[in-house]
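Heads up: the structure comes next, in structure tokens.
For ligands, and for the atoms within them, numbers begin at 1 and follow the listed sequence. Computation of the quantities below employed the complete heavy-atom set of this structure, encompassing side-chain atoms and omitting hydrogens, waters and symmetry-equivalent molecules. From a predicted model like this one, the values you see are computed outputs, not experimental measurements.
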Amino acid sequence: MKIRKAIIPIAGKGTRFLPATKQIAKEIIPIINTPMIHYVVKEAVEAGIEQIIFVTSSGKFSVEDYFDRNLELEAYLERNNKFKELELIRKIGSMVDVTAVRQKEQLGLGHAVLMAKNMIGDEPFAVLLGDDIVINKVPAIKQLMDVSMGNNGASVIGVMEVPKSDTSKYGIVKGDIVNEKTLRMTGMVEKPKPEDAPTNLATPGRYILTPDIFTILEKIPRGAGNEYQLTDAINVLCMEKDVFAYRFEGERFDTGNVHGYLDATVDFALKDPETRDKFVASLKIRLAKYGIQL
Ligand code: G1P
């Protein structure tokens, strides 16, 4: 069955980006000139997703507006012969069908995903976390879709290796090896201490899930951090059904924290021929100014 819908939870308050997030949605903070959420939605659209369901909280209207048409701005750009810019913003406005559902209390990722149950209905779907930007020619979520397709539509969780010392930042999976990149999962645990972690395979926010996850989400108790964890529901699901973990290809930036955000900004500035040369020149000057030798 084709995966048409993606849930992107964006209800978080973005406290690591205060004071900016006092007034604007974290997802709208740009990397160079493009909001972070744009990259995540682009990944989904390039993978063939037709509908995005944002799980939001108050103060997130700007994310929905960003993916809507802005007729006033379009008219302004047209009047001023700014056709390149006009095309750019029209394209964003017609990129994908967007809907939103509220998460009225921040009770965890599992709870956020459950809020979209009625919008999803009885079909498999994708979940992409907005704090994780993954860059790859074949979108990471498309790679997971393909693995799902090849395994009778089973749930597939994207994983990457992390240093053992970082296991307490992620959901960690365990399972039996199917091939070099794939495990048949036997369990998943949320943010274990390094000494308790079953593996160092972490889940950086890319999931293909079958709708039976909702029944589980309705039943699970609160878990780590006293929140309803998607991880706990997946842990139950993999005991009932085939669930695969897949080591996808792509470079992942954790833009949910300031360091990861800076890392992405520097990388994108160096990658883009329009910014590269001047940026390198600036970097050289700044490094010399602060007496930093590489
Ligand atoms: C969430 C999930 C965790 C996952 C992580 C990826 O945690 O609960 O399983 O590995 O996102 O970024 P959070 O970072 O929101 O605390």
In the protein, what heavy atom is nearest to [atom], and what distance, to one decimal place, separates them?
atom                    : answer
atom 2 (C) of ligand 1  : E190 OE2, 3.6 Å
atom 15 (O) of ligand 1 : K191 NZ, 4.7 Å
atom 1 (C) of ligand 1  : L129 CD1, 4.0 Å

Option among R252, K142, R206, K137 that satisfies the salt bridge (Lys or Arg N to Asp or Glu O under 4.0 Å) test with E43: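 The option that passes is R206.
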
Do E227 and H111 pair up side chain to side chain, a donor and an acceptor below 3.5 Å, judged on atom types alone?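 Per modelled atom types, E227 and H111 side chains form no pair under 3.5 Å.
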
For a quick check under 3.5 Å, do N179 and T182 share a side-chain donor-acceptor pair by atom type?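 Yes, a side-chain donor-acceptor pair sits under 3.5 Å.
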
Side chains of Y207 and L230, heavy atoms from C-beta outward: is any pair under 4.5 Å?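 Sidechains of L230 and Y207: in contact.
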
Distance under 4.0 Å to a non-hydrogen atom of [X]: what atoms of ligand 1 satisfy this?
X    : value
T231 : 9 (O)
Y170 : 10 (O)
Q229 : 8 (O)

Would you confirm whether any non-hydrogen atom of the protein falls under 4.0 Å from atom 12 (O) of ligand 1?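 Yes, at least one protein heavy atom sits under 4.0 Å from atom 12 (O) of ligand 1.
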
Distance-only N or O hit between ligand 1 and G171, under 3.5 Å: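 For ligand 1, there is an N or O atom that lies under 3.5 Å from one belonging to G171.
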
For T203, is the nearest heavy atom under 4.0 Å from an atom of ligand 1?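 Judged by the 4.0 Å heavy-atom criterion, T203 does count as contacting ligand 1.
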
Examine the proximity of ligand 1 to D132 and report which part, side chain or backbone, both or neither, has a heavy atom under 4.0 Å away.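 It is the side chain that gets close, since no backbone atom is under 4.0 Å.
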
Does atom CD of E72 have more than 12 heavy-atom neighbours from other groups under 6.0 Å away?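 For E72, atom CD is not crowded (no more than 12 foreign heavy atoms under 6.0 Å).
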
ILVMFWY cluster, V127 and I8 together (side-chain gap under 4.5 Å):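 No; tracing contacts between hydrophobic side chains, which count when under 4.5 Å, never links both residues.
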
Any ion pair linking D272 and R276 (charged N to carboxylate O, less than 4.0 Å)?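 No, no charged N to carboxylate O under 4.0 Å.
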
